[in-house]
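We're numbering straight along the sequence, starting at 1.
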Amino acid sequence: MQQGQPMIIMGEDAQRVKDKDAQEYNISAARAVAEAVRSTLGPKGMDKMLVDSMGDVTITNDGVTILTEMDIDNPTAEMVVEVAETQEDEAGDGTTTAVAIAGELLKNAEDLLEQDIHPTAVIKGFNIASEYARQQVDEIAEPVDPDDTDLIKSVAETSMTGKGAELEKEVLADLVVRAVQAITVEADDGSHVVDLQNLKIETQTGSPASESELLSGAVIDKDPVQDGMPTDFESANVLLIDDPIEVEDADVDTSVSIESPDQLQQFLDQEETQLREKVDRIAESGADVVFCQKGIDDMAQHYLAKEGILAVRRVKKSDLAFLKNVLGAPIVTDIDDLSADDLATGTISRDAADGLFYVEGADSHGVTLLLRGSTEHVVDELERGINDAIDVVSTTVSDGRTIAGGGAIEVELASRLRDHADSIEGREQLAVEAFADALEIVPRTLAANAGLDAIDLLVDLRAAHEAGDSRAGLDAFSGDVVDTFDAGVVETAHAKEQALSSATEAANLVLKIDDIISAGDLSTAGGDDEGGAPGGAGGMGGMGGGMGGMM
């Protein structure tokens, strides 16, 4: 105040939300994100249809895909989306679980805040609970041998269940396990390393998913530049090139003045000679096959065909890089420097019906998983499910630990956390108990999504765990409490540890905020929507546009 007048230090458009209003605003936004994806969890989870501004449609129940495709315009909500992205990057699966736990932690934290428990006590309690829970995951986890194909296949099938890949999950899980085993190497210290650089996924429409296959080497979905070129080689010298086989353009803008037909012919002859020289260099190097990332001139195509050289142009950069791994050949960037040392030996074959080239190196470590589906939407969702399964299986092989799924681990952790809470003094004890309650959102959601009574199932699960059955979980298909590990519902321990860690950190980050100061409306896009929450924060602060249609 200055002489009875308020001192204005913020701009006219600035918004500020403080204390309890800020906490309510942030918790509401974070919980809205969790609720948006919760119905996708589990084998009976539902799908979401996402339509972007261009009208492109994505149908999926993959948590991270839903959250990244949604038009979220709220800073707090975006922090929760980062939980899913981190989970995807670090573990490959479990994104919906991580986000659901984060949302439930904040819901339970809100109840504690209403009891006048300070946010720092809640945060400390959550950290204690998270660390203890992750220690218990490691204690509960069961070791897995990389050669135990049946158990690893169960991990892959569990990851696929509820996704587009579920219909043919036995066939696809077998392909995934074989693919990961093919690219796994044993390190000097005895650990197993999965080199995903040596695995490529290709998709093709028009066939059922059951016709998907695992191929040694690379698959290139391209046609020869000319029909008359040979397409099959038993032992070919292969050239990979990132340099156009075309007439070289001038470095600066130029113009050519032609006064007679002879001059025009001379100019054309010179271009033809330049192309001929490029093809001659390729032929002299001994190349039988050329995979070119750039373009190939029509005249050069003619000369290559005359030399009996197979040429493929406009090969994707990722495909060329994978061919480099498969063949062990360098990628040539200048034809003028080409030599026989730049070539690699490989077997080339052509499937005319599918329009695919199959390329296999003499000592190839690379494999290609060729996924087939009836339509583009089916193939896209299939690829997302397979990518998650590959990441989960890779993590299982390298980490070497598995746990029972179906909500079994969450109920067991909740039980152990409640026992551990008795040894904690102060208000942090309440936060640890709230953390335990939050973990049970997973079995409750699994039951609800399967059309079962969540309360009755949770009571049965708690009773089974109190009786000493640490692997008792929900069979979503029969509605019974079973030993999910023996039933083949198996998850990787690393993904669960990562979900606990990410969810806790996100919840604590939101709880630590007690003041929101915005230069404009509380949105990340700065659109035209004005929105006012308690104290001018606008409910979801600009989140409605993208989230409204989802909830």
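The backbone N or O of Asn449 lies less than 3.5 Å from no partner atom in the side chain of Ser39, so there is not a single donor-acceptor pair. A donor-acceptor distance shorter than 3.5 angstrom exists from the side chain of Gln301 to the backbone of Ile296, with no hydrogens or angles considered. Between the side chain of Asp342 and the main chain of Ser339, a donor-acceptor pair closer than 3.5 Å is present. Between the side chain of Asn237 and the backbone N or O of Gly286, at least one donor-acceptor pair lies under 3.5 Å. Side chain of Lys44 to main chain of Gly451: no donor-acceptor pair is present (N/O by atom type, distance under 3.5 Å, no hydrogens or angles). Using a distance-only test at 3.5 Å, with no hydrogens or angles considered, a donor-acceptor pair links the side chain of Gln87 to the main chain of Asp93. Here the side chain of His494 pairs a donor or acceptor atom with the backbone of Glu90 at under 3.5 angstrom. Distance alone, capped at 3.5 Å, is enough to place a donor-acceptor pair between the Ser502 side chain and the Gln498 backbone.
With rounding to the nearest 0.5 Å, the separation of CG in Asp351 from CG in Asp232 is 10.0 Å. Rounded to the nearest 0.5 Å, atoms OG (Ser212) and CD (Glu383) are 11.0 Å apart. Here the straight-line distance linking atom CG of Asn61 with atom OG1 of Thr96 works out to 7.0 Å at 0.5 Å rounding. Between the CG atom in Leu323 and the CZ atom in Phe357 there is a gap of 11.5 Å [rounded to 0.5 Å]. The CG atom of Asp242 sits 7.5 Å away from the NZ atom of Lys317 when rounded to the nearest 0.5 Å.
Taking a 6.0 Å sphere around CD of Glu85, one finds it holds more than 12 heavy atoms contributed by other residues, nucleotides or ligands. Heavy-atom neighbours of Asp227 CG from other residues, nucleotides or ligands within 6.0 Å: at or below the threshold of 12. Residue-environment remark: CD (Gln197) stays at or below the threshold of 12 foreign heavy atoms within 6.0 Å. Residue Lys324 qualifies as open at atom NZ: its count of foreign heavy atoms under 6.0 Å is 12 or below.
The shortest heavy-atom contact between Phe233 and Leu310 is CE1-CB, 3.8 Å. The minimum heavy-atom distance linking Val326 with Gly217 is given by the pair CG1-CA, 3.9 Å. Between Leu50 and Met70, the shortest heavy-atom contact is CD2-CG, 4.1 Å. Taking each heavy atom of Val378 and Ser374 in turn, the nearest pair found is CG2-OG, 3.7 Å. Taking every heavy atom of both residues into account, Val397 and Pro146 meet most closely at CG1-CB, 4.1 Å. Taking both residues in full, the closest heavy atoms of Thr65 and Thr60 are given as CG2-CG2, 3.9 Å, listed atom of the first, atom of the second, then distance.
Checking Asp354, Thr203, Thr205 one by one against Arg372, the side-chain hydrogen bond (donor to acceptor under 3.5 Å, both in side chains) holds for a single residue, Asp354.
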**OP:** Could you walk me through whether Asp319 and Phe291 pass the side-chain contact (heavy atoms from CB on, under 4.5 Å) test, one step at a time?
**Re:** CA-CA 10 Å; Asp319 285 344; Phe291 289 103; over 6 Å; no
